[in-house]
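Have a look at the structure below, then the notes.
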Amino acid sequence: MQDYLKELNERQREAVLHIKGPLMIVAGAGSGKTKVLTTRIAHLMNSGVDAFNILALTFTNKAAKEMKERIEKILGNSEARNLYVGTFHSVFARILRAEAHHLGYPNNFTIYDTDDAKSVVKTVVNEMNLDDKTYKPSTVYNRISSAKNALVGPVEYANDYALQQEDLRGNRPAIAQIYDAYVKRCFKNGAMDFDDLLLKFYELLKGFPESLSKYQRKFKYILIDEYQDTNPAQYEIIKLLGAMNENVCVVGDDAQSIYSFRGATIQNILQFQKDYEDAHVVMLEQNYRSSKSILNVANEVIKNNKGQIPKSLWTDNKDGEKIRLVRTMTDNDEGKYVADSIQEQKLRNHYNNRDFAILYRTNAQSRAFEEALRRMNIAYTIFGGQSFYTRKEIKDFVAYLRIIINSKDEEALKRIINFPARGIGKTTVDKAVLAANTHNISMWEVLERAREFGFKAGTLEAIDNFVVMIKSFASMLQNKNAYEVAVHVGKQTNIVKELFNDKSTEGVARYENIQELLNSIKEWVDTQQNLSQIDEDGTMIETSDNEAVSTGEITLGAYLQQITLLTDADDKDPNADTVKLMTIHAAKGLEFGCVFAAGLEEMLFPNGMAVNTREELEEERRLFYVVITRAKQRLWITYANTRYRFGSLVQNEPSRFIDELPEEYLDRSYAGAAAFKNQGFGARGNTNAFDRMNGGGWGAGGGGRQSAADAEKRYGAPPSKKPAIPSYVTPKPQSKPVEHVPSADFVASDTTNLQEGQKVEHQKFGFGIVTKMEGSAHNPVATVKFDVNGEKKIMLNYAKLRIIQ
DNA sequence: CTGGTTCCTTTTTTT
DNA sequence: AAGGAACCAG
């Protein structure tokens, strides 16, 4: 058991054995960072530190999970489950659930994901009578988010000269007021957004000394992974938590800081030694991952950045192959080339699917690769993009559960109040929200007391039915578990049945998704029951609310909390034998035998949004560094001449980063190298085997930096986007009715009890027979077969029918 | 109020 | 290309 130390190099061991006092581990790419962190925790526990006193914070659930598993493996017992290992967000959310009452929040507060948050922004923007074109929810939300991450509140925001100037220049002077309204609205809704989980936790520690000291005493040892990606809020929290014992260990690599868009500041890691005067620093510079070629290329690239912690990463590994630089004509060709290469490598070098990763700058790039891989029958997994729990049908269903747990959650309420349709439309919702605002009560309360607010009788009935239904769900939770309640909700609302009856491809997928959701709730309920027997750590963190709360409620509340913090990557198996597709951001911390770094084009990578300042550009370069250092044996760097963006073809120049690659490690003999011919790139012009073989193929375009018009000359005009309608296509039948002059005595009849087979007269369509009655009670629809105008669907609430017999 | 159509915006990265 | 908002007819 002690030989875990033997597996470490000298530096790594130094980091593990340094137990007391602040420690910074500068861990270069592939230098065994995770190994050091996990071994260090295991060693702490072996040296008598109680697992309950150790806090380890990561940025992804995946990293947390892996860490826990590896510690368990080293220790060979189940003590590791007592550790506090998790993401900043999930750990703080858990603590806040116990402490929320200090901040005036309910313990069952909802966590708003980005969609919910933007929706709140939109609501307040509209309520303030501001134009939502100028104040786009995403723009405003981003400003608010940055402010929160920098611990700048609405008041500070309004008083900050620089921020005000920025907003003024952007013609958005009201952001400070929107920020203020947004914060108030979230509070009113009993909801915290992602940034609040950090901000509110900070406020808790800052404003409640007894809470601060409670957690200082609990977390005697603190470890932070990816310290280079922490933002000021996280930084202050760590400082506060660690102030008593100063057993703060941070691990990071300034060269891999890629989250400044989320408020991360590289200053945190650069200044660690100033923050803690007696800080011990360990540099891990031996890379165990990559070949010499790959590592050398990475080192060359990162040299172009200023302001790094000086270090030199080296490796004992073999030289390995040169890096293959490949240009293709189009994004689809890029996909095809990559899929072909994977196939070839599998045959030639006996790789498995799991040895390959295709990494790109933006999620939108995945499509071409997906198609190519599917065509070649190569199994793949896409990581990233939309999380399962942010799909519309899932969010709609979950909104029912949310409103059961937290009736103040207006966003959830608005989602479901008329889903499925129950005759409570926009007008009614607006009215309810307005009433809630003027009386300063929740929208739910307005619905509960609906008759005080002058709704029309029909609407009132619909509201009452809705309220009764939701209340029945809530009371059911008192003696049924969360899964049983969820199943009941699905049945009672007809959601499950309606999706089941929808046999379209999307409908079937949605139905399956709902089933999957129900399964995940079941799974959660089952594991929670097991956990409560062990009584994990109820000693410290418990609900301090005195109200009787059923276990069903606790379980469901905890479930809702964790699903919003889950990302797409969390429910996919990283070890499956599939090719992995993901953004470079998502690939941080991972390694693969063969890596394809795709889309190395100006505007895309470096991204067009991130070339305006030196800081932004350097971050893009760090991203490039990250993608290079994911590769163990083989690396391809690919880019395309043209690609589709927003549905139209655009042309990009090769990325400026390509010029930074040292020529001696490059192999340009693969597809597309001929594209450089005659383009004045010097060493780049090699006619090659591939082109000769293919008689042109992907690479023979010839134009390095040609114009779109030029491309048209060579390849012919692109197919017209909207082809002219061939003359043989019969035009869509026009449903213009044959004129009908209503009878002189035409009076609309009461159609409440209209039956099939009855004869009716329609103002425009004339006489006909009712062939079918359908639709819901509040929106009945009759199908009428008219004498001259054929079959029509008539909505009885609006169309006027005269019953003849 | 509802369902269908058309028009418009979007994609940088994520907890 | 695709999803969402705005618009319109029944």
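Below, chain A is the first sequence line, B the second, and so on; all start at residue 1. Bear in mind the structure is a predicted one, so any value in this text is a computation, not a measurement.
Distance, A:Asn142 CG to B:dT15 C1': 14 Å, rounded to whole Å. A straight line from CD of A:Glu370 to C1' of C:dA1 spans 13 Å, rounded to a whole angstrom. Look at CG on A:Asp331: it is 12 Å from C1' on C:dA1, rounded to the nearest Å. Between the P atom of B:dT12 and the NZ atom of A:Lys588 lies a distance of 20 Å, rounded to the nearest Å. A:Asp568 places its CG atom 13 Å from the P atom of B:dT13, with the value rounded to the nearest Å. Across the protein-nucleic acid pair, A:Arg630 atom CZ and B:dT13 atom P stand 19 Å apart, rounded to whole Å. Put simply, CD on A:Gln234 is 16 Å from P on B:dT14, counting in whole angstrom units. Per the geometry, CZ belonging to A:Arg643 stands 14 Å off P belonging to B:dT12, to the nearest Å.
Nucleic acid contact class of A:Ala610 (heavy atoms, under 4.0 Å, all strands): none. Counting non-hydrogen atoms under 4.0 angstrom, A:Phe59 reaches the backbone sugars and phosphates but no base. Using a 4.0 Å heavy-atom cutoff across all strands shown, A:Tyr259 reaches sugar-phosphate atoms only and no base atom.
Between A:Asn149 and B:dT15 there is no side-chain polar atom (N or O) within less than 4.0 angstrom of OP1 or OP2. Applying the 4.0 Å criterion to OP1 and OP2 of B:dT2, one finds that A:Asn418 has a side-chain N or O inside that range. Contact annotation: A:Thr114 does not reach the phosphate of B:dT14 (side-chain N/O to OP1 or OP2, under 4.0 Å). Taking side-chain N and O atoms only, A:Thr583 has a distance below 4.0 Å to OP1 or OP2 of B:dT14. Within the structure, every side-chain polar atom (N or O) of A:Arg361 is placed at least 4.0 Å from both OP1 and OP2 of B:dT11. For the OP1/OP2 pair of B:dT15 and a distance below 4.0 Å, the side-chain nitrogens and oxygens of A:Asn61 include no atom meeting the criterion. Residue A:Thr427 places at least one side-chain N or O under 4.0 Å from the OP1 or OP2 atom of B:dC1.
A cation-pi arrangement is present between A:Lys431 and A:Phe455, with the terminal nitrogen or guanidinium carbon under 6.0 Å from the aromatic centre and inside a 45° cone about the axis. Cation-pi geometry between A:Arg143 and A:Tyr135 is not satisfied (NZ or CZ under 6.0 Å from the ring centre, within 45° of the ring normal). Relative to the ring axis of A:Phe419, A:Lys392 places its NZ or CZ within 45° and under 6.0 Å from the centre. The cationic atom of A:Arg622 (NZ for Lys, CZ for Arg) does not lie both less than 6.0 Å from the six-membered ring centre of A:Tyr625 and within 45° of the ring axis.
DNA chain B is contacted by both A:Thr87 and A:Lys118; A:Lys118 maps to the nucleotide lying nearer its 5′ end (nearest heavy atom per residue). Looking at which nucleotide of DNA chain B each of A:Asp570 and A:Thr459 is closest to, the 5′-most match is held by A:Thr459.
Just one residue in the list A:Leu623, A:Thr362, A:Ile628 forms a side chain to side chain contact (heavy atoms under 4.5 Å, CB included) with A:Ile584, and that residue is A:Leu623.
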- prompt: Taking it one step at a time, do A:Asp195 and A:Tyr141 satisfy side chain to side chain contact (heavy atoms under 4.5 Å, CB included)?
  reply: CA-CA 11 Å; A:Asp195 305 313; A:Tyr141 173 71; 4.0 Å; yes

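Stacking annotation: A:Phe261 is not stacked on the base of B:dT12 (requires ring centroids less than 5.5 angstrom apart and an interplanar angle below 30 degrees).
Note on residues 599-614 of chain A: pairs passing salt bridge (Lys or Arg N to Asp or Glu O under 4.0 Å), not counting sequence neighbours, are A:Glu601-A:Arg643, A:Glu602-A:Arg656, A:Arg614-A:Glu618.
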Protein N or O to nucleotides 4-8 of chain C N or O, pairs below 3.5 Å:
none

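Between A:Phe92 and A:Phe88, the ring planes lie perpendicular to each other; the angle is over 60°, past the 30° to 60° tilted range.
In the set B:dT14, B:dT10, B:dT15, B:dT10 carries the atom at the smallest distance from any side-chain atom of A:Lys136. Of the candidates C:dA1, B:dT12, B:dT15, the closest approach to any side-chain atom of A:Arg367 belongs to C:dA1.
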